[in-house]
Amino acid sequence: MTVTTRFAPSPTGHLHVGNVRTALHNWLWARRAGGRFVLRIDDTDRERSKEEYVEGIRADLAWLGLDIDGEERQSARFALYEAEFDKLKAAGRVYACYETPEELDIRRKVLLSRGLPPVYERKPADAPVPEGVAPHWRFRLDHEAPIEWTDMIRGPQHFEPKTLSDPVVRRADGSWLYLLPSVIDDIAMGISHVVRGEDHVSNTAAQIQMFASLGAKPPEFAHEALLVGTEGKLSKRLGSLGMAALREAGIEPIALVALLARLGTSDPVEPVTSPAPLIESIDFARFGRAPARFDEAELALINQKILHHTDYAAVAPRLPVAIGEARWNAIRPNLMTVAEAADWAAVFDGPLVPPAPEEADRPVLAAAAAAAPSLDWGADPWRALTDAVKAATGAKGRALFLPLRRALTARDHGPDMAELLPLIAQGEAVARLGAA
Ligand code: GLU
């Protein structure tokens, strides 16, 4: 069996962290099996679907490195839906309904007030058909066929079809609801695995019968626990946190991928620099049933950890020319984002205005200014500088290192000075020490 998965967003908004997670898991699963990952644009709602969102979805997937093996659009497939619908109609598996939303609502309330489940009640076959009313269409669930599947995350699932309402599949104006076109497409596109949020579990129950009614074997399903914010619920922030905002905050796509691949699983989040280890290790059996908590602070932290061992080649196009490979290697343990590298360009080449030195530090700085011009900059200048200052002043430890670091970098913290100093030109360092 060829593994084929799909990501099926509706282009009615930008992708947010939650749907990117679903896309990622489908992608990882396909890549692990050497299979295919298809982007299916669910644009049956022509009013709300926008081309700019379709473009945004493609761009976000590309940014994340989730390459696709094909793109399909539901709006181009209406003829197929029509043909399959006609077959189901002829077989009596879809039927016309004439209730108004108000009638359905009243009926639901009556059932609830009697303590009964608000399941749609089919009309008798000989019920009168109102005149001049266009019907909407429901799928007739087979009440005699219990619905069962083994979910890759949730384990064995069982539904009694009698407890479910026959789902509406088509509106009176002929437009399609999500359920049936999705099944028709999953069959036509040879989808082997459907990975989606657990809010779709009851849809799956109905869809399993739709697969059977169209003569197809259903795919495997994995319904993942939903993603929640740190406050414990699907926060508004999370629901709207898009890729553009993360990109602006300096989040690397691989950091988001690393976090979302493992969040809610029993595997630790690891600071990977490529998705290869995530592809190799994806396993739905390791996904938990509890909601996965997404924490922006955790994302920032994993981003930082990843930068610490990100190769120069991977970021070079985004660095100022002043930051070459050696400089990148020196500063990367101190970066939260790649953009911060630009702040370090001045530390290397100036202009830099170090803070006015404290009185007590003057002898150290004077000794350093005296020693620096004659040091061999090619051979561990930091060692030579600190040895010379120590010999001249007797200063050691923090009293020796901190004033020098401040005068040379205008910062209290940063990379190891032994690594940093050779990357600052000798003339520049001499000038900084002299100015202090
Ligand atoms: N367009 C549907 C959604 O976004 C797709 C669900 C599915 O994966 O089948 O909810």
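Nothing here was measured: the structure is a model prediction, and the numbers come from that model. Sequential numbering from 1 along the given sequence is applied to the chain's residues. All ligand and atom numbering here is 1-based and tracks the order in the structure.
- In terms of protein heavy atoms, atom 8 (O) of ligand 1 is closest to R6 NH1, 2.7 Å.
- By the salt bridge (charged side-chain N to carboxylate O under 4.0 Å, His left out) test, D311 is found to be paired with no residue, residues two or more places apart in sequence or in another chain being considered.
- In this pair, W149 and F159 present their aromatic rings parallel. The plane angle is below 30°, not in the 30 to 60° band.
- Taking 4.5 Å as the limit, some side-chain heavy atom of R108 sits within range of a side-chain heavy atom of D105.
- Between R40 and ligand 1, no N or O atom pair is found at a separation short of 3.5 Å.
- With salt bridges taken as basic N to acidic carboxylate O contacts below 4.0 Å, one links R406 and D412.
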Would R286 and S281 count as a side-chain hydrogen bond (donor to acceptor under 3.5 Å, both in side chains) if you check the C-alpha gap in whole Å, the side-chain angles of each, and the deciding distance to 0.1 Å?
CA-CA 10 Å; R286 301 179 71 81; S281 61; over 6 Å; no
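- A donor atom on one side chain and an acceptor atom on the other are not found under 3.5 Å apart for S175 and R46.
- Annotation for ligand 1: atoms under 4.0 Å from non-hydrogen atoms of D42 are 1 (N), 2 (C), 5 (C).
- The protein heavy atom nearest to atom 10 (O) of ligand 1 is H200 NE2, 3.0 Å.
- The ligand atoms of ligand 1 that sit less than 4.0 angstrom from a heavy atom of S10 are 1 (N).
- By the 3.5 Å distance cut-off applied to N or O atoms, A8 is counted among the residues near ligand 1.
- Listed by atom number, the atoms of ligand 1 under 4.0 Å from R196 heavy atoms are 7 (C), 8 (O), 9 (O).
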